[in-house]
Amino acid sequence: MKLIVQRVKSASVTVDSELVSSIGKGLLVFAGIGKEDTEKDAENLVNKVLKAKFWPDENGVQWKKNVQEIEGEVLCVSQFTLYAKMKKGNKPDFHDAAGPETARKIYDFFYDKMGQGYTPDRVKNGVFQAMMDVELKNDGPVTIEINTNLPKKEPKEPKQQSNGDMKFDEEETKGSFEFQIPPELLQ
């Protein structure tokens, strides 16, 4: 699941020239659902969004308060285009996005959990699968991507010491690793 979270002074969603939702100070959250995403992913992201420190404290020290602490609002907007890829040609490829039925189920779960985790009347919604006009006044600007499917870190190669021994970083030795034994040692 991918989110684009924007700290806003205000934001609104209009469909067919009709205002659907609007918020004042708070967060505009664009949510994309991928093929492999689950309700657990959605729940984890709700918690992350609600706890994220995007605002300064009373002394002006940045990154100290979350949306709940400032009594802000949250506007959630479904956006499958977050899963677009542009590897070949000029046309976006959306094959990594979940199908509409699965996406709606997980997005609705995400939106419901957002209201349950905060205050339902402070959490607003766009219209799933609609062509929406989204207006916002970005505050900062602050725009953050949050993604549940981060790429796995490749393990680093061990470093050879001057005496010929291999040295492994302490973090890398937690868990398991694989190495080759030279055939002459197996005889």
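Positions are given from 1 along the sequence. Note: hydrogens, waters and symmetry copies are ignored here, and every other heavy atom, side chains too, is used. Note that this is a predicted model, so its numbers are computed, not measured.
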| Is E73 salt-bridged to K25, cutoff N-O under 4.0 Å? |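 K25 and E73: not salt-bridged.
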| query | Between E58 and K65, is there a salt bridge with N-O shorter than 4.0 Å? | reply |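 Salt bridge between K65 and E58, a charged N being under 4.0 Å from a carboxylate O: yes.
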Just wondering, are more than 12 heavy atoms of other shown residues or ligands nearer than 6.0 Å to [atom1] in [X]?
X	atom1	result
E18	CD	no
K85	NZ	no
D16	CG	no
M131	CE	no
E39	CD	yes

Could you tell me which non-hydrogen atom of [X] sits nearest to which non-hydrogen atom of [Y], and how far apart they are?
X	Y	answer
P100	Q129	CB-NE2, 3.5 Å
S12	S22	CB-CB, 3.8 Å
Y111	V123	OH-O, 3.1 Å
P92	A84	CB-CB, 4.0 Å
D37	I33	OD2-C, 3.4 Å
Y118	G72	OH-O, 2.7 Å

| Can you check whether V29 reaches F110 side chain to side chain, under 4.5 Å on heavy atoms? |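 Answer yes - side chains close enough.
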| message | For a 4.5 angstrom cut-off between non-hydrogen side-chain atoms, does T102 reach I106? | response |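 Yes. Closest side-chain heavy atoms under 4.5 Å.
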Could you give the distance from [atom1] ([X]) to [atom2] ([Y]), rounded to the nearest 0.5 Å?
X	Y	atom1	atom2	value
N66	F54	CG	CZ	9.5 Å
L3	Q79	CG	CD	11.0 Å
L27	M114	CG	CE	8.0 Å
E43	M1	CD	CE	11.5 Å

Backbone N/O of [Y] and side chain of [X]: donor-acceptor pair under 3.5 Å:
X	Y	result
Q68	G117	yes
D41	T38	yes
D57	N59	yes

| What residues join V13 in its hydrophobic cluster, counting side-chain heavy atom gaps under 4.5 Å, either direct or through other members? |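 ILVMFWY cluster around V13 also holds I4, V8, V15, V20, I23, L28, F30, L75, V77, L82, V127, M132, V134, L136.
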| said: Other members of the hydrophobic cluster containing F94, with the 4.5 Å side-chain heavy-atom rule, please. | reply: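 Listed partners: F80.
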| task | Verify the cluster assignment for F109 and V49: are they in a single hydrophobic cluster under the rule of side-chain heavy atoms below 4.5 Å apart? | result |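 No; tracing contacts between hydrophobic side chains, which count when under 4.5 Å, never links both residues.
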| said: Membership question, hydrophobic clusters at under 4.5 Å side-chain separation (ILVMFWY): are W63 and L50 in the same one? | reply: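 L50 and W63: one cluster.
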| Would you say the side-chain atoms of N125 and Y107 include a donor-acceptor pair closer than 3.5 Å? |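 Side chains of N125 and Y107: pair found under 3.5 Å.
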| task | Decide salt bridge (charged side-chain N to carboxylate O under 4.0 Å, His left out) for E69 and K64; before the verdict, give the C-alpha distance in whole Å, the side-chain angles of both, and the deciding distance to 0.1 Å. | result | CA-CA 9 Å; E69 292 168 326; K64 293 292 185 182; over 6 Å; no
| field | Stepwise salt bridge (charged side-chain N to carboxylate O under 4.0 Å, His left out) test for D93 and K87 | value | CA-CA 8 Å; D93 173 347; K87 286 187 177 180; over 6 Å; no
| task | Take C76 and V74 through the test side chain to side chain contact (heavy atoms under 4.5 Å, CB included) and record every step on the way to the result. | result | CA-CA 6 Å; C76 299; V74 179; 3.9 Å; yes
| query | Going by the side-chain hydrogen bond (donor to acceptor under 3.5 Å, both in side chains) test, which pairs reach into residues 130-139, not counting sequence neighbours? | reply |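 Only R7-D139, N138-T143 qualify under side-chain hydrogen bond (donor to acceptor under 3.5 Å, both in side chains).
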| task | Answer yes or no for K2 and Y83: cation-pi contact, defined as NZ/CZ to six-membered ring centre under 6.0 Å and angle to ring axis within 45°. | result |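 Yes.
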